[in-house]
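We're numbering straight along the sequence, starting at 1. One-based numbering, in listed order, for ligands and for the atoms of each. Computed from a prediction, not measured in an experiment: that's the story for all the values here.
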Amino acid sequence: MITLALSKGRIFEETMPLLRAAGISVLDDPEKTRKLILATNQNELRVVLVRASDVPTYVQYGGADLGITGLDTLIEHGGDGLYQPLDLQIAKCRISVAVREGFDYVAAVRQGSRLSVATKYVGIAREFFATKGVHVDLIKLYGSMELAPLTGLSDAIVDLVSTGNTLKANQLVEVEHIMDISSRLVVNQASLKLKQAPLRRIIDAFSGALEAA
Ligand code: AMP
């Protein structure tokens, strides 16, 4: 049995066409079932639904043989023990720094004052500001990052941006583009040895679906 870890929402939805192109269909709709283990039309393959930030952990420790996770989550996790064969080019977005409209970010950085930054991506933010030589106080949040500058919790946020509509709706502006993000296929390295043939078939199927897209 091969176990594929996916998170509900954007990654699940954008993975389905790739699976379909590879002749795989998931037999339950995650939005309609409370099941966490979903069968597929292939006896040897099942899908487990986990929180997005838990996908690398499931795959690292063998709770799943492979999984699909955003590069953001993968970098924060560290990627230990994970083979990363494919950029699936799905759930594309960017990770950016944003501030309240009217906040003079350039002046704050130039003056060398300490910037408070709220984010779920503490590792990415720390590395980015360290490279720029900007002193920051990082505040770890788990969601609704946009609220932090509006309530005075922080000067800036580091968050995922896709269309920019969420920032705009909250009177925030993007001031730095840190990196482009897309979802990656990650594979447990031990599984890759022990279940080589079925895993190769799935990796090749994803790869073929990508080439056809
Ligand atoms: P947008 O309004 O299109 O810029 O989307 C921004 C909101 O969606 C933010 O709350 C982000 O955290 C979230 N978001 C954007 N792209 C992604 C993605 N690829 N995966 C997960 N969350 C995302």
* **Sub-4.5 Å side-chain heavy-atom contact between Asn170 and Leu150** =>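 They are in contact (side-chain heavy atoms under 4.5 Å apart), so the answer is yes.
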* Asked: Is the shortest heavy-atom distance from the side chain of Thr166 to the side chain of Glu146 under 4.5 Å?
  ->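 They are in side-chain contact.
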* To do: Let me know which of Leu49, Leu38, Val47, Thr40 forms a side-chain contact (heavy atoms from CB on, under 4.5 Å) with Asp28.
  => Leu38
* Asked: Are any of the heavy atoms in Glu146 under 4.0 Å away from ligand 1?
  ->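 Judged by the 4.0 Å heavy-atom criterion, Glu146 does count as contacting ligand 1.
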* Asked: Does Gly70 come within less than 4.0 Å of ligand 1, judged by its heavy atoms?
  -> no
* Asked: Just one of Gln196, Gln42, Glu44 clears the side chain to side chain donor-acceptor pair (under 3.5 Å) bar with Arg201, so which one?
  ->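 The side chain to side chain donor-acceptor pair (under 3.5 Å) with Arg201 is passed solely by Glu44 among Gln196, Gln42, Glu44.
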Starting from [atom], what is the nearest protein heavy atom, named by residue and atom, and what distance separates them?
| atom | result |
| --- | --- |
| atom 7 (C) of ligand 1 | Thr166 OG1, 3.7 Å |
| atom 11 (C) of ligand 1 | Leu160 O, 3.3 Å |
| atom 8 (O) of ligand 1 | Arg10 NH2, 3.7 Å |
| atom 1 (P) of ligand 1 | Thr163 OG1, 3.3 Å |
| atom 12 (O) of ligand 1 | Asp159 OD1, 3.4 Å |

* No-hydrogen, no-angle side-chain donor-acceptor test under 3.5 Å, His177 and Asp180 -> yes
* Verify whether one side chain among Gln89 and Ser182 offers a donor that lies under 3.5 Å from an acceptor in the other. => no
* May I ask you to say whether Lys8 pairs ionically with Glu13, meaning some side-chain N is under 4.0 Å from a carboxylate O? =>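 No.
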* Crowding at CZ, Arg51 (>12 non-hydrogen neighbours, <6.0 Å) ->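 Incorrect, the count does not exceed 12.
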* Ala91 N/O to ligand 1 N/O under 3.5 Å -> yes
* Using distance alone, decide if ligand 1 has a nitrogen or oxygen within less than 3.5 Å of any nitrogen or oxygen in Lys92. => no
Proximal atoms of ligand 1 relative to [X] (non-hydrogen, under 4.0 Å):
| X | value |
| --- | --- |
| Val161 | 4 (O) |
| Cys93 | 16 (N), 17 (C), 18 (C), 19 (N) |
| Ser162 | 1 (P), 3 (O), 4 (O), 5 (O), 15 (C), 16 (N) |
| Asn165 | 2 (O), 4 (O) |

* To do: Heavy-atom distances under 4.0 Å are what count here, so tell me which part of Leu167 touches ligand 1: side chain, backbone, both or neither.
  => neither
* Honestly curious: do Ile139 and Tyr142 fall in one hydrophobic cluster under the side-chain, below-4.5 Å linking rule? -> no
